[in-house]
Amino acid sequence: MHDLKTVTALGGTTPRVDTFARVTIAENDGVALASVAARMGHEKTCHAALEKLLGAVPAVGRAVLHDPEAGFWMGPDQWMLGAPRATHELLADQLTALLGKAASVTEQTGAWVVFDITGPGMADLSERLCNVPIRRMQAGDVQRTVIHHMGCFVIRRQAEDHIRILGPRASAGSLHHALVEAAQSIA
Amino acid sequence: MRFSGLRVIKEALTGHKGWTPAWRDPEPQAHYDIIIIGGGGHGLATAYYLAKEFKQKRIAVLEKGWIGGGNVGRNTTIIRSNYLLDGNEPFYEMSLKLWEGLEQDFNFNAMVSQRGILNLIHSDAQRDAFIRRGNAMRLNGVDAEMLTTAQIKERYPYLNTEDARFPIKGGLAQHRGGTVRHDAVAWGYARGADSRGVDIIQNCEVTGFKIENGKCLGVETSRGFIGATKVGCAVAGSSSRLMAHANMRLPIESHVLQAFVSEGLKPVMPGVVTFGAGHFYCSQSDKGGLVFGGDIDGYNTYAQRGNLPVVEDVCEGGMAIFPAFGRARLLRMWGGIMDMSMDGSPIIDKTHIDGLYFNGGWCYGGFKATPASGMCFAHLLARDAPHPNATAYRFDRFEKGLMIDEKGMGNQPNLH
Amino acid sequence: MIIDHPLLGPRDSAEFTYKGDARLIDRPDPEKGATAHDFYDYGYLRDNPAGWHEELWFHEAGDRSWLVVTRNTLTHEISKVELARDVARSRGRSK
Amino acid sequence: MTPKNRLDGGQIDPAITHEFRFDGKSYTGHAGDTLASALLANGVRLMGRSFKYHRPRGVLTAGSEEPNALVELRSGARQEPNTRATTAELFDGLVAKSQNRIGSLRFDLMAVNDRFSNFLTAGFYYKTFMWPAAFWEKIYEPIIRKAAGLGSLSLLDDPDVYDKGFLHCDLLIVGAGPAGLSAALTAGRSGADVIIADEDFRMGGRLNSETFSLGDQSGADWAAATVAELAALPNVRVMNRTTIIGAFDHGIYGAVERVSDHLPTPLDGKPRQVLWRIYTKQTILAAGAIERPIAFENNDRPGIMLASALRTYANRYAVAADRRVAIFTNNDDGHRTAADLHAKGIKIAAVVDVRADAPRSHDFEVLHGQVIDTKGRHGLTFAEVRLESGDMRTLECGALGMAGGWNPNVHLTCHQRGRPAWNDALAAFVPGGVLPVGMTVAGAANGDMSTAGALRGGAEAAKRALGLKGKLPTLPEAEDAPVNITPFWYVEGCSRAWLDQQNDVTVKDVKLSHQEGYRSVEHLKRYTTLGMATDQGKTSNMGGLAIMAELAGKSIPEVGTTIFRPPYTPTSIGVLGGRARGQAFHPKRLTPSHTWATEQGAIFVEVGNWLRAQWFPRAGETTWRESVDREVLATRKSVGVCDVTTLGKVDVQGTDAAEFLNKIYCNGFAKLAVGRTRYGLMLREDGIAMDDGTAARLADDHFVVTTTTANALSVYRHMEFVRQCLYPDMDVQLISTTEAWAQYAVAGPNSRKVLEKLVDGDISNEAFPFMACANITVCGGLRARLFRISFSGELAYEIAVPTAYGDALIRKIMEAGAEYDITAYGTEALGVMRIEKGHAAGNELNGTTTAANLGMGRMVSKAKDSIGSVLSEREGLNRADDLRQVGIKPVDPADPVPAGAHLMKADGPVDAAHDQGYVTSACYSPNLGHSIALGFLKDGANRLGERMRLVSPLTGVNVDVEIVSAHFIDPEGERLRA
């Protein structure tokens, strides 16, 4: 066992939480991520494996909010899979073992910062941030978009007032700043 | 009619009854020695210099709408000659020198204002590139000066040097650069050409070329066929459309560049400032409007209007360096169609069709080039040889690998 | 502008990066005798019509698909949007 | 005390009194007032000065089309020039100043211009100021510039913040007058997602300004009740204080919501304004109409305004512009104004109507005639009327209403391709041509001028837009008066009759423009500046067009209009910039060692959006060079570490991955062994170098490609283009992993020793030779990647761990390296070492250089087809004297060899014609003890050893240099392989 400790994307030892009157912004440091792209000619095998793992293959623009592994569609024949980091630190290796030569798997855990935004002001906040039709989105809808020049995924989670934003980890501070300012705006 | 101080006083005292039209409204003749297609700045300047400098006769300018209605009527009025490459710098310096004597030359006040242009520097790499460029200018005998941030701050005290995301590390200045009252350029050339016998024919759209045995014999127009010994095309954003009538494909794409003007404000901007890293440039007009712009929208278009993302991008750049402009208001925005070439530099050349000549590919730099473009195109038309300052602006440079690529963006027009 | 992505539906063109004439798909093949002149023609002489234009857009802030968009350069109306990969295959491109 | 011109009623709240100051003087007004209505209530008619002649100006309108009553609102950093008093909501403590004056507003010294108006006609400056030539820049232009503009900026940073946002709906309704509200009711009740926006703070449009009833309610009450019903619907978003500024492609509208402009200062954390991008399927334009003035001699005095504005001030704001008012009209609507004012107890001096068949009234006198002149220096006192009979009448009045007919607000219909069509019955342009996709027009904006027509038109438009079946909702009874108008634009024989009151364009100017041949409507505008004022011709253009038409012997539609452009009303630059200001202009990208580097006191530099450590100053070091020299020397002597995470990384997998790399790199990759890394040069298709980096083969079907920091995005895009568009059947999958891995370069002769303490496994030279790569573990099991590549020219490695461990790893490396005096180095030292080694970087790969220029011509494989290989062979890129990368060193070691300097022959002329090349990158080499540089030199490969002159006239450098190999350090590469 190594003794290296992780830091969160915002640089802390514990995830940051900011609470406002109508919305809570919580850094989520507990997600392991890996991308899966079907190899050409092995799409069916790949789909079958994903279906077995998640219960369904995430459709275009959709997430499968399965537990413990979840996944969402990133592009044609490409998905992002996530799972609790505590149990799936080696998610990419696990997926590679599962999928074999049917897919290309790439570790993505370190590439993203994850924020959970909850509360009755969630939709108002989203409208100040990015071009997603937030009030029309259903649980499991996913849209990749831009927030203040940062490419992000916006995932509408199960709860009506909950979105999860995946943003570029190196810009975690800038993204957090944008979220907090928007939260103050709609307070 | 020549304008003079005396004349102005006399007319003021007698109710302005004596002023006559700035140009005639002639019917097209059956045949001209030289037809220029395009009554914009470049076309009118070409006709003017053909008549004045090259003593050509029987010249017509054909304009599909109203003269000066193309890019000369919808630009951000900047003149400068701060180029890097051999193929460009002498040409643009020639243009700047022509600007400097233009008003006396054509007896019309176009308000050439050499208030200086300043390119801001935000990184070491940018500084290296600007030093190289400034040196190229100096080695060509052109004025250029490196300014420190403190010197810049003296001139623009409200520039954001304290809290800038990309700190200002100096600037390359060309003090002879500046602005010109753009519409007046078209009118001045038109008036000057008209008085030398050039027929300026408005509302006359060219719909085709008459080409026989590889020779151009004239043009079909909305007002009938007009014969010509030589035909010069100077239609900027419409180049590809026009030359398609001659079955030519051009190394040009048409893009829209938006420009913006604020409400009139008491003077705040002494000169022109460009913020390349933030896609923003700005000057202030003699009426007080902040005139500013940024990048082209980036997609092929012939619609003279752009879209919001670029508007926002430009204003973001503006607010990044001039946070005091936040409470000024944007009054009007418009779009001009740029003939974006494959290396960002223009073409002034004969075509493969005898008697058919082409001037275009000016990208967003056409306005400042107007006098030199007119002079060099006139030279080519009158003498059948390129002007010494325009020898590199050839069609075949792309096939031969002799691109003139100031920005190093390659054959991707929307990046130039 | 709104580009009706064949997979994702309508998306703001601000999410895309523009490349230009879709004939850039038709890269000459030197192994089949294409010459430098063919490459010059391919690289430099693009279609620039005032009207319908097939062009390449990259969904940079989206699913990273290259699209072929048929758009009118006079009106900005878009009549067709396809995945460039499908178009490339239909034009005979493979490996 | 009630101000002198305050009436009863209206929609102000007399219970709430606001104190405010205008030009230093205190006044009071009420909640619901605008600055203009409050000033008028206090008897203040003079509010500004015109642009050119500095004529006294009062309000012309009661809306956003106001050209005259522009003020500097607020003070200090919030000072806001050119603010229309007619839309500025009154708040307690409001401060405003008049503008464009020298001295006081009443005694503006610049008013002398009016005396010289004979000289200052349209286009005067094009004919003058040319003699002598030198005087233009020194004397004339400074004078003109001094007179430029209207209001002034404070030039202090705008202290407020601005938001941007995105809204989606089925139907956007622009304007909340009778048409807009009835459309919103119809659509809202159907359940559709509706946004209704109005620029006014009080919704209802003209309903708030009129006295007629809707059913059994007043118009204003009906509007308020309707707005309340709409606001209660969950599917309707009611947005007041929101201007739709532009109609953009495909149903995207720009909207500015003024969140805080009615408050003294924005509430904490709240924006001043929000720019909304509204995405809608359908739009109903219900923007109403704007009344137009009539041109007659001296029609510009304070007190002369649109008749409808008089009505608005009286009915909505309970203000009499004056207690004695005259009306000049060509249509029935002028009489409505007179009747309303009369009902409020205002004395109607007379209604002057140009029509013989004008309606008569029991309440006031109606004269058949024309107003031919006015009097009153700072405000109207008398109007001169010439009756049809030829008799003259002088009317004593302090206000005069001009009722010239109404122009539908067609602006948004024309933001794309639409050109308005002429309607004879209205004598006005109505929407025409091709409207923006999904737009319909209703109410007065569509030429439907009655209230009943607007209500009906709005409801029908909503039904149509949403495809609703069934009957229209029940609409209240409302007036349905026809429009009776006789076109009348200007009084014959007038000369100084204003068309554009702000820019001082008169009837005479238009005639002069025509006389001088500026006859196209666009020439007219540009020559006279007609319509270029802050109202963009809303109140002025029609008069000019009509005169132009008459002079040209054409109809008005034949003359045409100028083009309506966004924004609909002037829009603050701040809101268009949004939050992207100061440090938030662009997002910052921080490297995994950022926290650690900050602790070390690192100086950071912007590299694109990244912040990278530039150098790490230590105690006692006084210049950056000291720090950098130390970092370089320490690294070359022992070991150094540098965060190189910013390099782009692309994961390339698939059975065709190697073949794919063969296409994108000009050199070959098919035969690269697993566990090996290779340098690769990418060309653009035009044969110019695009980017360089390495590709490491981790498995037969798995590569990790690196790009330069600057080109990470564009190279990825290019790779996707090649994959999807050129070789769609290659089995290749791509994904960026730039930020997924924290990557550190560990360089120097002791780098292996340091890493051996961390890496689990054998990294001896035999087990892990130069250019090796592998998936490894570190520190007892953490997954990592190791590459034996070197940018510095030393024995070096790059080691990568998942980003979250990056902070821990840098600390481990420093700990492990302590015994070797490991040094952290920044981008400066990195740059020095790569120049010493002769590696090309961004300054060399500048988008114009070929592989041959870079000295890598032989890398371009002839054995395969790759992007750019064919066009790289063009003759112009392969001339004998082409530029070649060389090294440059000063003859005198004390001399600099700065980047950007140009190379000249040692004894040749120094000018552009004799330019031999230029310096791309330069630094001081602490190892060599003098400056060194890389550069491009004509035929450089054959000129090693040549003495040359290096000049930088821009920065005052002129030194002797020697051309040398670009490899200043270890040219044989022995250190790399040690």
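Below, chains carry the letters A, B, ... as their sequence lines are ordered, and counting in each starts from 1. Every heavy atom of this structure was used, including side-chain atoms; hydrogens, water molecules and symmetry mates were not.
- The residue among D/M532, D/R272, D/Q99 with the most heavy atom pairs within less than 4.5 Å of chain B is D/R272.
- Ranked by heavy-atom pairs under 4.5 Å with chain B, the list D/Q79, D/E685, D/K146, D/M904 is led by D/Q79.
- Annotation: side chain of B/H122 is not in contact with side chain of D/E606 (no heavy-atom distance under 4.5 Å).
- For the residue pair B/D405 / D/T848, no side-chain donor-acceptor distance below 3.5 Å is found, with atom types taken as modelled.
- Under a 3.5 Å cut-off, the side chain of D/Q515 and the backbone N or O of B/T20 do not form any donor-acceptor pair.
- Side chains of D/L512 and B/W19 form a contact here, defined as non-hydrogen atoms less than 4.5 Å apart.
- Side-chain rings of D/H523 and B/W23 approach one another, their centers coming within less than 6.0 Å.
- Counting all heavy atoms, side chain and backbone alike, D/W136 lies closest to B/D286 at CZ2-OD2, 4.2 Å.
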Original post:
Would B/R115 and D/E141 count as a salt bridge (Lys or Arg N to Asp or Glu O under 4.0 Å) if you check the C-alpha gap in whole Å, the side-chain angles of each, and the deciding distance to 0.1 Å?
Top reply: CA-CA 10 Å; B/R115 60 186 68 170; D/E141 199 196 13; 2.9 Å; yes

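- Although no hydrogens or angles enter the test, the distance criterion places no donor-acceptor pair under 3.5 Å between the side chain of D/R526 and the main chain of B/A184.
- Heavy-atom minimum distance, B/G410 versus D/R684: CA-NH2, 3.1 Å.
- Distance check, rounded to the nearest 0.5 Å: CG of B/L402 to CZ of D/R879 gives 5.5 Å.
- Side-chain N/O atoms of B/R181 and D/Y125 include no donor and acceptor closer than 3.5 Å.
- Side-chain contact check for D/L954 versus B/L172: some heavy-atom pair is nearer than 4.5 Å.
- Here D/R581 does not pair with B/D163 in a salt bridge; the nearest charged N to carboxylate O distance is not below 4.0 Å.
- In terms of heavy-atom proximity, D/N82 sits nearest to B/E263 at CB-OE1, 2.9 Å.
- Looking at B/N107 and D/K127, their side chains never bring a donor and an acceptor atom within 3.5 Å of each other.
- You'll find the side chain of B/L265 reaches within 4.5 Å of the side chain of D/P81, heavy atoms only.
- The line from CG of B/L139 to NE2 of D/H902 is 6.0 Å long, rounded to the nearest 0.5 Å.
- With chain B as the partner, the residue from D/H914, D/R145, D/E80 showing the most heavy-atom pairs under 4.5 Å is D/R145.
- Here the OG1 atom belonging to D/T571 is positioned 11.5 Å from the CZ atom belonging to B/F260, to the nearest 0.5 angstrom.
- Put simply, the side chain of B/R327 never gets that close to the backbone of D/S154: no donor and acceptor are under 3.5 Å apart.
- Side-chain atoms of B/R329 and D/T83 include a donor-acceptor pair closer than 3.5 Å.
- A distance of 4.5 Å separates CG in D/D686 from CG in B/N411, rounded to the nearest 0.5 Å.
- No donor-acceptor distance shorter than 3.5 angstrom exists from the side chain of B/D183 to the backbone of D/Y527, with no hydrogens or angles considered.
- D/D157 contributes atom CG, which lies 6.5 Å from atom CG of B/N160 (distance to the nearest 0.5 angstrom).
- Annotation for D/L153 and B/A324: closest pair CD2-O, 3.9 Å, computed over non-hydrogen atoms.
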**OP:** Please report the C-alpha distance between B/D25 and D/R519 in whole Å, then the side-chain angles of each, then the deciding distance to 0.1 Å, and finally whether the salt bridge (Lys or Arg N to Asp or Glu O under 4.0 Å) criterion is met.
**Re:** CA-CA 11 Å; B/D25 188 14; D/R519 289 171 190 177; 5.7 Å; no

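- Salt bridge status for D/K164 with B/E316: present, with a side-chain N to carboxylate O gap under 4.0 Å.
- Listed by first and then second residue, the salt bridge (Lys or Arg N to Asp or Glu O under 4.0 Å) pairs involving residues 101-114 of chain B are B/K52-B/D105 (not counting sequence neighbours).
- Interface residue B/Q304: backbone and side-chain heavy atoms are both found under 4.5 Å from chain D.
- Relative to the ring axis of D/F51, B/K287 places its NZ or CZ within 45° and under 6.0 Å from the centre.
- Under a 4.0 Å N-O distance rule, the pair B/E312/D/R277 qualifies as a salt bridge.
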